[in-house]
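Because the structure is predicted, anything quoted here is derived from the model rather than measured. Protein chains get the first letters and strands the later ones, always in sequence-line order, with residue 1 at the start of each. Both backbone and side-chain heavy atoms feed into the values below; hydrogens, waters and symmetry mates do not.
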Amino acid sequence: MSELEKSYNPKGVELKWYEYWMSGNYFVADPGSKAEAFSIVIPPPNVTGSLHMGHALNTTLQDILVRWKRMKGCNVLWIPGMDHAGIATQNVVERQLSSEGLDRHWMGRDAFIARVWKWKEEYGGRIIHQLKRLGASCDWSRERFTLDNGLSKAVIEVFVTLYEQGLIYRDNRLINWCPRCHTALSDIEVEHEELEGKLTHIMYPLEDGSGSVVVATTRPETMLGDTAVAVHPDDERYEDLIGKKVSLPLTGRKIPVVADAAVEREFGTGAVKVTPAHDFNDEAIAKRQEPPLDSVTVIGPDGRMTAEAGARYAGMDRYECRKAVISDLKEAGLLVKQEKHTLSISQCYRCKTVIEPLSALQWYVKVGPLAREAVKAVREGRIRIIPRTWENTYFAWMENINDWCISRQIWWGHRIPAWYCGGCGDVIVSREAPAKCGKCGGTALRQDEDVLDTWFSSALWPFSTLGWPESTEELRTYYPTSVLVTGFDIIFFWVARMAMMGIKFMKDVPFSDVYIHALVRDASGQKMSKSKGNVIDPLIMMEKYGTDAFRFTLAAFAAQGRDVRFSEERVEGYRHFVNKLWNASRFILANTGDVELPQTFDAGDLDIGSKWILSRLAVTADDVNSALGDYRFNDAASSVYQFTWHELCDWYIEMAKPVLYGESFGKEAVKVCLLYLLDCTLRLLHPFMPYVTEEIWQTMKGGKAAAGDGRKGESIVIADYPLSLPGYDEAETEMGLIMEAVTGVRTIRGELNLAPSLELSVYIKTLSEKTGDVLRKNLTYLAKLAKARIIEIGVEVKKPRGAAVAVRTFSEVYVPLEGLLNIEMEIDRLKKEEAKVEQSVAFLNKKLLNEDFLKRAPKDVVLKEREKYEECLKRKERIQENMRKLHEAGGRK
RNA sequence: AGGCUCGUAGCUCAGGGGGAGAGCGCUACCUUGACACGGUAGAGGUCGGCGGUUCGAAACCGCCCGGGCCUACCA
């Protein structure tokens, strides 16, 4: 046995054990194993990412589950990996290029992609190291990247298959365009933000000069592309106008007034300008007209006005143009007014640039049929979403889903496997690059320039990482995966799409459970963000408090369905817990050097205290196992915390001391028991605090704690998890009597401000012989824990003169304080106690007098309340009796 | 506009139809041979407000007030 330092210092320890685990291959899965499979795929962090609180929580929860299942003997696989993060990564590298005065268009596609790969090799692994630092026990031999060869093959297979089945198609329609990233985005990649803006009222004169119509808009610059004014068909104000033409200001173009039921009569003037090329609603109105309205594109992909906007505006930035349009309208006398108006703007989720709806030819996935299956899987319980409230979110989205725009006009990603024939214009979608056009035989083929949405490859993650489209042993053993652990922010992006693709291509759900955890916020409930400056860096937390304390904090905070408001003080508190465990271990190891840890442990005829703590251990193990089984991480954490600190340390270790230091005959048994408890506690705690538990466990005799057979002694990582241990009800009851007496003495000591070092003489009157027997049998404990000399115990014990008293449920504790006792103080104490009991008596009395209660409450509840009442009443009388004696002694009434 | 969620001790949060819990902070006493990152004993709460269901509500239901989030085409 080696010596442990006086306090736990995580520095050095963590790296040491992580390397030990890696070299021992404890995290490497064996697909051939017959044990029950438990598999998780990690939500792949972006290759550009670095560890933030969200990752830390997500990874910690997964690691707790994975380590727990591994210790329970499951065949565990946790697949790690990264996402190529198309737009985000391209942005990072482009920024780097621009600082060097370079530009991707100038470099060309191949050189640019080579550059991104180089960037990935240099910087892309950062988050992986950080996950390891957190203790993540992933099978790193199976690490994947969404752009590696195997996954790329899966992507092509899925794309081509969906195309062949008519579930992928190409269409020209309005899309969300980011003028900065220069690409189309799907609907969910657009964020909405409320903003104080202006509603501009503009007058459109009628062509025939008979009047005018006023429209209201939040985007005046788009008027240059108007092709109609729409009013509600039943709006009497505008009845006569429908079918007439107005003259579009600043352009002179003649455009019709049309009717459409989507126009809100109450909003603005009730007349809407229609710009089909730059607004989704307007596009819809245009399509409904017979014949459909024209579309005039006045804003280009770069966010600048096109030639069609007119010579005066062409080339202007869209916001610059807005100012120009307003001032021109004012000059023309057509600007009616501008009023304040809150509007919601759409912005790119990657760069926050305001989205410009543009018409373009893009690839789409027809999601309807896929979504229906994915909804069915949840409704039928083949996928369980936990907590269940998230099911609503999932259903609501799935049932109103639009087709998924999957093409992106960037270079970093999976290039779309479609070729266009220069001869006949045919489209060829193929797994391999075709040599010639199948239709006309032409060889002038050009591959589609676009790449796929990053989330397209993420959607395949649960089976592509297991080797699909090959038929692998991994797929057979580990698919469907057991649980997906993720945040609610990517239910649409990821969870829903994995469900769709898994069911489509594997004919089975990708995961049985989806555990949705909270978002980590700061202590005041704000979302953490760089711009708010309220970001807490997990790496700094680990550095300051150690990984184990940090992980334990996250687990303790992870209550279902609630956001995590992270507070550093809690981490500090749990660092104290780590240290407590460390010191308890130090004590146990220092006092048990001469005994062996048994393979199996039989409490046999151990003393009450030992049986009691073993019983508490059993209850705790049950609690932890069932809490983890229900994803109640916080319950699991608090249960094991409570046991370790307040039962093992506060009571049992203190009880063990007189035995260890004395010459009592039970010494050996207590030593063995302590060692066994330490071993179990460490194993119980290991999933939460992997490092410190391994460090202590390895320090235990020969590093072979609870070795068992095979390799189990090598590391706590693969030791057995405590489960189904024996309990001892009688010991728990009897221990309750001892604790009651002890706290009685302590309360007197505390409330009368008697020094802890002062040894008190104590008399205990018990209400029954049996209680007396139990206490007498445990005199050593009583004496040590109460720091007292126990003079007498029994039913017949009389209160000595000038004694302080604690009236307990099963006993009365007397502490004679000849000369020391301040009678008034003592009477105040008893009065306080009496008041408390009196409250209970009154409450219970009222309840028991209530006939409805007696009649309608369950029998056992009534019985219990009656017992409680009797008990309180008796106790009250005993308190009063003691007070009376005190009054007599003090000579006052 | 709809939907979800939260309001419990000074702070951060658990709990959840039969007399309010934790951590930190606070008060008093204590360096007792694991630990002052410690020990013992305390103080502290009309469980957001109002109604309802119930023998019984902090918990279940409705409304209101106050936070937060998500979805949606009101230009």
Donor on one side chain, acceptor on other, A/Thr269 and A/Arg237, under 3.5 Å: no
Residue whose nearest RNA chain B nucleotide is more 5′ - A/Phe280 or A/Ser7: A/Ser7
Single hit among A/Val578, A/Asp548, A/Leu682, A/Thr681 for side chain to side chain contact (heavy atoms under 4.5 Å, CB included) with A/Thr693: A/Leu682
Sugar-phosphate, base or nothing in reach of A/Glu264, heavy atoms under 4.0 Å: base
Interatomic distance where CG belongs to A/Asp852 and P belongs to B/A57 [whole Å]: 12 Å
Residues in side-chain hydrogen bond (donor to acceptor under 3.5 Å, both in side chains) contact with A/Glu851, at least two apart in sequence or another chain: none
Can you name the atoms? Protein N/O to nucleotides 32-34 of chain B N/O, anything below 3.5 Å, with the distance.
from: B/A34; atom 1: OP1; to: A/Lys657; atom 2: NZ; distance (Å): 3.3
from: B/A34; atom 1: OP2; to: A/Tyr661; atom 2: OH; distance (Å): 2.5
from: B/A34; atom 1: O3'; to: A/Arg586; atom 2: NH2; distance (Å): 3.1
from: B/A34; atom 1: O2'; to: A/Asn583; atom 2: OD1; distance (Å): 2.6
from: B/A34; atom 1: O2'; to: A/Arg586; atom 2: NE; distance (Å): 3.2
from: B/A34; atom 1: O2'; to: A/Arg586; atom 2: NH2; distance (Å): 2.6
from: B/A34; atom 1: N7; to: A/Lys657; atom 2: NZ; distance (Å): 3.2
from: B/A34; atom 1: N6; to: A/Glu654; atom 2: OE2; distance (Å): 3.0
from: B/A34; atom 1: N3; to: A/Asn583; atom 2: O; distance (Å): 3.1
from: B/A34; atom 1: N3; to: A/Ala584; atom 2: N; distance (Å): 3.2

Candidates B/A75, B/A41, B/G19 - which lies nearest the side chain of A/Ser840: B/G19
Nucleotide B/A57, atom C1' - distance to CG of A/Asn850 in whole Å: 15 Å
Under the side chain to side chain contact (heavy atoms under 4.5 Å, CB included) test, residues paired with A/Asp860 that sit two or more places apart: A/Pro858
Atom-pair distance (CG on A/Asp828; C1' on B/G42), nearest Å: 15 Å
Nearest-angstrom distance from the residue atom CG of A/Leu854 to C1' of B/C55: 9 Å
Beyond-backbone contact of A/Thr200 with A/Arg322, side-chain heavy atoms, under 4.5 angstrom: no
Touch class at under 4.0 angstrom, heavy-atom based, for A/Gln839 against every strand present: base
Sugar-phosphate only, base, or nothing, as touched by A/Val263 at under 4.0 Å among non-hydrogen atoms: base
Pair pattern of RNA chain B in dot-bracket, where unpaired bases get dots and | marks partners in another strand, Watson-Crick or G-U under 3.5 angstrom: (((((((..((((....[..)))).(((((.......))))).....(((((..]....))))))))))))....
C1'-based separation of B/G45 from B/G21 [nearest Å]: 11 Å
Geometric cation-pi criterion, A/Lys657 with A/Phe587: 6.0 Å, 45°: yes
Nucleotide nearest A/Phe267 when distance is taken to its side chain, options B/U12, B/C74, B/G19: B/C74
Geometric class of the A/Tyr574/A/Phe577 ring pair [parallel <30°, tilted 30-60°, perpendicular >60°]: perpendicular
Passing candidate, salt bridge (Lys or Arg N to Asp or Glu O under 4.0 Å) with A/Glu838, options A/Lys876, A/Lys832, A/Lys831: A/Lys876
Ring centers of A/Phe267, A/His341 separated by less than 6.0 Å: yes
Distance between C1' atoms of B/C4 and B/A41 (Å, rounded): 45 Å
Sugar-phosphate, base or nothing in reach of A/Ala559, heavy atoms under 4.0 Å: sugar-phosphate
Heteroatom pairs (N/O) under 3.5 angstrom, protein to nucleotides 23-27 of chain B:
from: B/G23; atom 1: OP1; to: A/His646; atom 2: NE2; distance (Å): 3.4

Short N-O contact, A/Glu833 and A/Lys836, less than 4.0 angstrom: no
Nearest-angstrom distance, C1' atom, B/G10 to B/U27: 14 Å
Candidate pair A/Thr747 and A/Arg829, rule side-chain hydrogen bond (donor to acceptor under 3.5 Å, both in side chains), full reasoning: CA-CA 10 Å; A/Thr747 301; A/Arg829 269 190 56 239; over 6 Å; no
Nucleotide nearest A/Asn579 when distance is taken to its side chain, options B/G18, B/U40, B/C37: B/C37
Donor-acceptor side-chain pairing of A/Tyr349 and A/Glu191 below 3.5 angstrom: no
Set of residues satisfying side-chain hydrogen bond (donor to acceptor under 3.5 Å, both in side chains) with respect to A/Trp404, sequence neighbours excluded: A/Asp453
Sugar-phosphate only, base, or nothing, as touched by A/Leu844 at under 4.0 Å among non-hydrogen atoms: base
All N/O contacts under 3.5 Å from nucleotides 1-4 of chain B to the protein, with atom names and distances to one decimal?
none

Distance-only polar pair, side chains of A/Thr222 and A/Lys273, donor-acceptor under 3.5 Å: yes
Touch class at under 4.0 angstrom, heavy-atom based, for A/Thr275 against every strand present: nothing
Nearest-angstrom distance from the residue atom NZ of A/Lys273 to C1' of B/C73: 14 Å
Donor-acceptor contact present, side-chain A/Glu740 to main-chain A/Thr809, <3.5 Å: yes
Value in whole Å for how far the C1' atom of B/A72 lies from CD of A/Glu194: 11 Å
Rounded distance in Å between the P positions of B/C6 and B/G62: 13 Å
Under the side chain to side chain contact (heavy atoms under 4.5 Å, CB included) test, residues paired with A/Pro387 that sit two or more places apart: A/Thr389, A/Trp390, A/Ile516, A/Gln560
Face-to-face stacking of A/Phe843 with B/G19, centres under 5.5 angstrom, angle under 30°: yes
Rounded distance in Å - CG (A/Leu519) to P (B/C70): 9 Å
Pairing residues for A/Arg265 by the side-chain hydrogen bond (donor to acceptor under 3.5 Å, both in side chains) criterion, not counting sequence neighbours: none
A/Phe492 or A/Ala842, whichever maps to the more 5' nucleotide of RNA chain B: A/Ala842
Nearest-angstrom distance from the residue atom CG of A/Asp282 to C1' of B/C73: 9 Å
Short side-chain N/O contact from A/Thr747 to OP1 or OP2 of B/G42, under 4.0 Å: yes
Of all pairs that satisfy salt bridge (Lys or Arg N to Asp or Glu O under 4.0 Å), the ones with a partner from residues 566-575 of chain A, not counting sequence neighbours: A/Lys544-A/Glu568
By ring pair (Phe, Tyr, Trp, His ring centres under 6.0 Å) - contacts of A/Phe643 (at least two apart): none
Near-strand residues of residues 630-639 of chain A, defined as heavy-atom separation under 4.0 angstrom from RNA chain B: A/Asn634
Touch class at under 4.0 angstrom, heavy-atom based, for A/His341 against every strand present: sugar-phosphate
